[in-house]
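Data block below; observations after.
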Amino acid sequence: MRTRRIWLTAVAVTAGIAGVLTLQGVVGTDGLDPEPESGGRSSGPVVSTMRTPALEVSGAEAAYQDEDTGPFSMLAVSWADPSRTVDGVIKVRAHSRKTGEWGRWLTLGSEGEAASDGAARPGLRGVSEPAWTGPSDGVEVRVEGRGSAGLPEGLRVDLVDPGSSRVVRAEPAAYAVGSTEEETATPTAPAPEPSESATAPEPTPVGTPTADGTAPSASATAPEPSASTSEPAPATPSPSVSTTPPPAAPVSTVPRPPIVTRAEWGADETMNDEAAAYGTEVKVAFVHHTAQNNDYSCADSAAIMRGLHTLHVKTNGWKDLGYNFIVDKCGTVFEGRKGGVDLPVVGAQTYGFNTDTTGIAVIGSYTGVDAPAAAKTAVARVAAWKLGQYRHDPAGSTTVKAVIDNGKYTAGTDVTFRRISGHRDGFATECPGTTLYGQLPALRNWAAGPVAGLAVSSVSGAGKSGGTYYTRGAVTVRWTATTPAAFITRYELLVDGTSVASESGTATSAAATLPPGSHQVQVRATHQSGRVATSAAVTVVAETTPPTFPVKPSLALRAGTVEPTAVPVTLSWRAADTAALKNVKLTAPVQVTYLPTTLSSAKTAAPGVTTAFPMTAYDQAGNTATASGTAAPALLQETAAVKSGTWAARSSSSYLGGGSLSTSSANASLGWTFTGRSVAWVVSRASGSGQAHVYLDGAKVATVDLKSDTVKYRDAVFTKSWTTGGTHTLKVVNVGTAGRPTITTDGIVYLR
């Protein structure tokens, strides 16, 4: 049996960041044994429960530990005075029902005073950031004050069990491929509050901008509440706020993204039956993060929603969730405050500027951590949809009057906001986190268009040389864009400015067949806003002329070691193309690919047989041409020569045919007559070898020095080739060099 105790301790910890709603440390689902998904949507509320044990305070320190609390998955620390904050540090940790172990310590920021929400409410409390712990059954809290005022009275820990449900989430993939879901019918409006009755005007049509370049709208003129986080005050209602919603929601200029309704995530509407309040439009979308840890599972998102709902109502004292929309890291959008997602519901999200704005919060902390692309895409989609209902450009700006002193702006101050702004733009807070705030320009571009980063990435069915593509005609053009596909209506492939193919916004390629000639190829993207972007052009040349071989492949003997089965030869060729030669490939007796600038290659050929060397030339368009050369090496042993002078026979397996002739006599000669187009003289060489004169067809053509620092056998030291075959005589004459008069020869090799 675990024990329960309340205790005091001094702790040394790091301060949290005040002014943001916080969601921490998710570890698992909303229950240990959740019911299996039924394949349908849940139709009823999920009852959440909350226990509120008090902390014992001693001076500037307080602590609480209970190792048997019963089940909970979310917590917050609260205190009696909603105008106070904790000047110090709040740390909590939970005991996991799954692992049976204590989790890590989490530091909670102090949110400041909790505002009233349209009526004087008993029991409003100051509250910390909420922390998601996952299924837990024990808690430990430590609070250390640092200021002279001490800790606020009435400190307690609020433990929320959000229950479990079979909520079916909207598919995150919808944000990757782009939804074309039509605007839904206006939901049934909640009962109006009798104290507020202003109605909303018709949305201003496109093309009637105000001085700031945006469509005109009604603006708030009455003060907002005296609260630090965001809720409207119970004082005289703003003229722009109405508890009677418009009879019909304006149709947006862009598609509505999929949204998980309150019924679908299991909102318990019995916690508070007050009707929603309405402005006249949505002028600004404020982006938030719930802050702290991001390691929750998206399977927990519905339970997190229920936990936040419970804390906002039962701890903060608000009539409902503060945010209008909440997005998890998988990109699922949840309906927040009730009243109709397509109506201008007044939330409790940017204190001083709650009316005629909407709040979109991302579950997690995004200071120093990049928000997932799916979450950012979802935020931008919701913002574009809500602003599009009132014909506002998501990339634009507008001026909003502060209706209450909120710690950053005084009442009556005209404040210029970007249409998509961060919470920190209107209130003294770090929210939506430094990293996410820095990404708001990209979100504005995604929401407003045109498509950014559009470029042709490749053209398949074509080869590329320099900056030009070459094809025989049929190509597939691929492209990339930095704007997510969810915002793109369609792509078009342009050839010389004319659209030849149209694809969906999720496509990344299109095919076309080009007529002969040079063409300019581009991609055009239409954003959901209607704005159009066109990529830079690439040049694509369509041509069907094959390459040629101005110099056909041919072979000649080359210097090197002659093996009994491999004679060294040189393969030579030259290919050309009217457009762009790509490469030349040798297909036999080995397979080799050569650059277009390569004109020769060292090879070998077996003696006594004809070896073919077929080659194929390819141009960048894919046209081809073939040509082939052959080699038929033949050996003439030394014994086949006409001799003059004294020669001695030698035997060794190192010689061709096992034998050779050697002489030390000056002017001793050997002569061979052959019919062919290339010839090589084959000798043995050593450090004492001498020199020989070489004659071809009776004319002296070279004097060859056979000296070698290493012993070499069957070495082709002299070669000669002709363009055509013929009958020739090769004669070698020993020079009789002083000190090294000896030469040793095997014979000759020639190509027939």
Side-chain angles (χ1 to χ4, degrees), residues 555-570 600 602-608 631 633-722 728-752:
L555 292 109
L557 295 166
R558 61 180 173 86
T561 302
V562 178
E563 300 291 351
T565 59
V567 175
V569 295
T570 297
S600 64
K603 293 288 176 281
T604 61
L635 301 178
L636 280 180
Q637 296 291 106
E638 67 284 353
T639 54
V642 176
K643 294 184 287 186
S644 172
T646 303
W647 291 86
R650 295 187 176 183
S651 297
S652 172
S653 60
S654 297
Y655 301 133
L656 281 176
S660 67
L661 293 175
S662 178
T663 185
S664 299
S665 301
N667 297 318
S669 67
L670 294 174
W672 295 268
T673 299
F674 63 94
T675 300
R677 51 190 173 86
S678 185
V679 67
W681 178 35
V682 183
V683 300
S684 295
R685 304 174 63 188
S687 59
S689 298
Q691 297 174 313
H693 300 305
V694 179
Y695 294 81
L696 279 174
D697 300 328
K700 181 180 177 181
V701 294
T703 298
V704 181
D705 194 331
L706 305 184
K707 180 180 179 180
S708 173
D709 292 337
T710 59
V711 175
K712 295 181 178 180
Y713 296 99
R714 307 178 308 283
D715 194 16
V717 294
F718 171 83
T719 63
K720 174 65 178 178
S721 297
W722 297 267
H728 303 279
T729 298
L730 183 145
K731 181 179 179 181
V732 295
V733 179
N734 186 26
V735 174
T737 307
R740 47 187 183 94
T742 304
I743 64 172
T744 302
T745 179
D746 270 323
I748 64 169
V749 179
Y750 66 95
L751 295 182
R752 292 193 290 265

Side-chain contact test, heavy atoms from C-beta onward, threshold under 4.5 Å: evaluate it for [X] versus [Y] and give yes or no.
| X | Y | result |
| --- | --- | --- |
| K720 | V701 | no |
| Q637 | V682 | no |
| P568 | V562 | yes |
| D705 | R740 | yes |
| R752 | T675 | no |
| V683 | F718 | no |
| T742 | S662 | yes |
| K643 | L661 | yes |

May I ask you to check whether T737 and Q691 show a side-chain donor-acceptor distance below 3.5 Å?
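There is such a pair (donor and acceptor under 3.5 Å, judged by atom type) between the side chains of T737 and Q691.
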
Say whether T646 and T663, considering side chains only, have a donor N or O and an acceptor N or O under 3.5 Å apart.
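The criterion, which ignores hydrogens and geometry beyond distance, is not satisfied for T663 and T646.
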
Please check this pair: side chain of D746 against backbone of Y655, looking for a donor-acceptor N/O pair closer than 3.5 Å.
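It does not hold such a pair.
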
Check: S669 main-chain N/O paired with W647 side-chain donor or acceptor under 3.5 Å
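Answer holds: yes.
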
Check each of T604, T561, L557 against V567 using the side chain to side chain contact (heavy atoms under 4.5 Å, CB included) test, and report the only one that passes.
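Passing option: L557.
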
More than 12 foreign heavy atoms under 6.0 Å from NZ of K700: is that the case here?
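Above 12, so yes.
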
Can you establish whether the number of heavy atoms outside K731 located under 6.0 Å from its atom NZ is more than 12?
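At most 12 heavy atoms, drawn from other residues, nucleotides or ligands, come within 6.0 Å of this atom.
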
Step by step, would you call L751 with W722 a side chain to side chain contact (heavy atoms under 4.5 Å, CB included)?
CA-CA 10 Å; L751 295 182; W722 297 267; over 6 Å; no

Quick one: which residue pairs count as a salt bridge (charged side-chain N to carboxylate O under 4.0 Å, His left out) with a foot in residues 674-689, not counting sequence neighbours?
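Pairs touching residues 674-689 that pass the test: R685-D715.
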
